Chemist: 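Mind looking over this structure? Questions follow.
When a ligand or atom number is given, it counts from 1 through the structure's own listing order. Please read all numbers here as calculations on a predicted model, not as lab measurements.
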Amino acid sequence: MGTGYGKVILFGEQFVVHGTPAIAASVEKKTEIKIKKFEGKGIFSDYEGRWHNINLMKSHPKTNWFRKILFLLLNELQIKEKNFFIEIKNELPVGAGMGSSAAMSVALSRALNTFFKLELSEEQICELAYKAEQVFHGTPSGIDNTLATYRGIILFEKEKGIKRIELQKPINIVIARIKRKGNTKKLVEHVKRFKEKNLDEFERMKEKVCELVRRAEKALQENDLQELGFLMNVNQKLLEIIGVSTKELEELCEIALKNGALGAKLTGAGGGGCMIALTPEEDVQEKVAKALKKKSLEVIKTKIGI
Ligand code: MEV
């Protein structure tokens with residue numbers, strides 16, 4: 001059995017690819033993978049708890065992305081045996097900015113590690129998942145696989161590594177997902193083009209993100225939720241300027257703020273997917289969730305820092 005957790009980025013998505021720090025928190029939603037011995041030939045899969053009986057040795061449009069991860073990992077780990085059976089239980093929406101591909105890669109690495117008794121370290125699991133992320137996202141920062149592996153609330157900086165942030169108590173948030181999906185690879189490429197065309201402006205924005213993250217780290221540690229909400233709103237504006245927000249996500253942010261959220265922003269790559277709202281009080285969380293439901297595909301009431 002292997003598990004990989006989903007995440008929400010609280011501050012600094014997209015800019016993190018260009019070297020600035022970011023803060024992300026794992027969520028309870030996860031991907032679980034079980035590997036069992038199979039006496040026949042070929043790697044079969046039982047997908048999302050339903051028996052599809054897909055032979056992963058053969059190309060299949062629904063599972064090609066999973067096959068890519070699987071064969072990359074088998075190759076990296078030099079596993080030659082192909083007589084096992086994989087059960088996948090995925091709670092994370094795909095293309096929604098919640099790190100579903102990284103959670104899948106971490107879960108699969110962990111499951112292979114246990115099944116083949118490889119004794120991989122947490123660091124090696126994280127690195128393997130990073131390699132899989134590169135297949136999907138081209139030049140990922142590494143934040144998704146890091147959160148999927150280590151969980152918690154993490155200040156992440158490419159090249160510099162991670163720092164854990166401890167909260168005084170868990171914080172309630174609402175996550176709302178819209179129908180439109182975001183393509184991380186394309187959106188990261190879009191931001192690269194924005195940067196090339198607006199070099200000075202982008203540098204100034206990166207400085208702003210560094211300041212936001214520094215202040216957010218302190219606000220999280222000190223449970224200063226007003227400050228945290230304010231910083232989320234500023235972060236959302238920066239994401240709008242670089243062109244990864246959408247009208248629908250902005251509308252959801254507005255609804256959340258009108259109903260009492262202290263801050264709201266898109267989370268992840270943008271272009272669709274999810275937004276998050278900071279709703280420390282339970283009644284506000286309830287009210288915001290109810291209001292967001294009317295315009296969303298799915299609304300999740302959850303906590304960060306558990
Ligand atoms: C995707 O969850 C976050 C991005 O910043 C990409 C990355 O960091 O690799 C958009």
Chemist: By number and element, which atoms of ligand 1 are closer than 4.0 Å to a non-hydrogen atom of Asp144?
Modeler: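 Here the atoms of ligand 1 in question are 1 (C), 2 (O).
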
Chemist: Considering heavy atoms of the protein only, find what lies nearest to atom 6 (C) of ligand 1 and give residue, atom and distance to 0.1 Å.
Modeler: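 In this structure, atom 6 (C) of ligand 1 has Val17 CG2, 3.8 Å as its nearest protein heavy atom.
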
Chemist: Between Ile125 and Asn145, is any pair of side-chain heavy atoms under 4.5 Å apart?
Modeler: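 No. Closest side-chain heavy atoms not under 4.5 Å.
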
Chemist: Would you say Gln226 has more than 12 foreign heavy atoms packed within less than 6.0 Å of its CD?
Modeler: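 Counting other residues, nucleotides and ligands, CD of Gln226 stays at 12 neighbours or fewer.
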
Chemist: Output yes when the distance from some N or O of ligand 1 to some N or O of Glu13 is under 3.5 Å, and no in every other case.
Modeler: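 No; every N/O pair is 3.5 Å or more apart.
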
Chemist: For Glu119, look at atom CD and say whether over 12 heavy atoms of other residues, nucleotides or ligands are found less than 6.0 Å away.
Modeler: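 No, the 6.0 Å shell around CD holds no more than 12 heavy atoms from other groups.
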
Chemist: Filter on ring pair (Phe, Tyr, Trp, His ring centres under 6.0 Å), then keep only pairs touching residues 267-303, sequence neighbours left out; what's left?
Modeler: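 Listed once each, the pairs would be none.
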
Chemist: For a quick check under 3.5 Å, do Thr31 and Asn90 share a side-chain donor-acceptor pair by atom type?
Modeler: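 There is such a pair (donor and acceptor under 3.5 Å, judged by atom type) between the side chains of Thr31 and Asn90.
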
Chemist: So if I count the atoms of ligand 1 from 1 in the order they appear, which ones are less than 4.0 Å from some heavy atom of Pro140?
Modeler: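 Within the 4.0 Å cut-off of Pro140, ligand 1 contributes 9 (O).
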
Chemist: Between Lys158, Lys7, Gln14, which one has a non-hydrogen atom sitting closest to atom 5 (O) of ligand 1?
Modeler: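 Selected option, by shortest heavy-atom distance: Gln14.
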
Chemist: Could you identify the single nearest non-hydrogen protein atom to atom 9 (O) of ligand 1 and state the distance to 0.1 Å?
Modeler: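 Answer, as residue, atom name and distance: Ser141 N, 2.8 Å.
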
Chemist: Within the supplied structure, the quantity of interest is the number of heavy atoms (other residues, nucleotides, ligands) at a distance under 6.0 Å from Lys158 NZ; does it exceed 12?
Modeler: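 Result for NZ/Lys158: enclosed.
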
Chemist: Within a distance under 4.0 Å of any heavy atom of Ile143, pick out the atoms of ligand 1 and give their elements.
Modeler: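 The atoms of ligand 1 under 4.0 Å from a heavy atom of Ile143 are 8 (O).
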
Chemist: Quick one: which ligand 1 atoms are inside 4.0 Å of a heavy atom on Val16?
Modeler: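 Selected atoms, number and element: 5 (O), 8 (O).
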
Chemist: Just checking, is any N or O donor in the side chain of Gln285 or Glu281 under 3.5 Å from an acceptor N or O on the other one?
Modeler: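 Note: Gln285 and Glu281 side chains miss the donor-acceptor criterion.
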
Chemist: Just which atoms of ligand 1 are under 4.0 Å from any heavy atom in Ile9?
Modeler: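 Under 4.0 Å from Ile9, ligand 1 has these atoms: 2 (O), 3 (C).
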
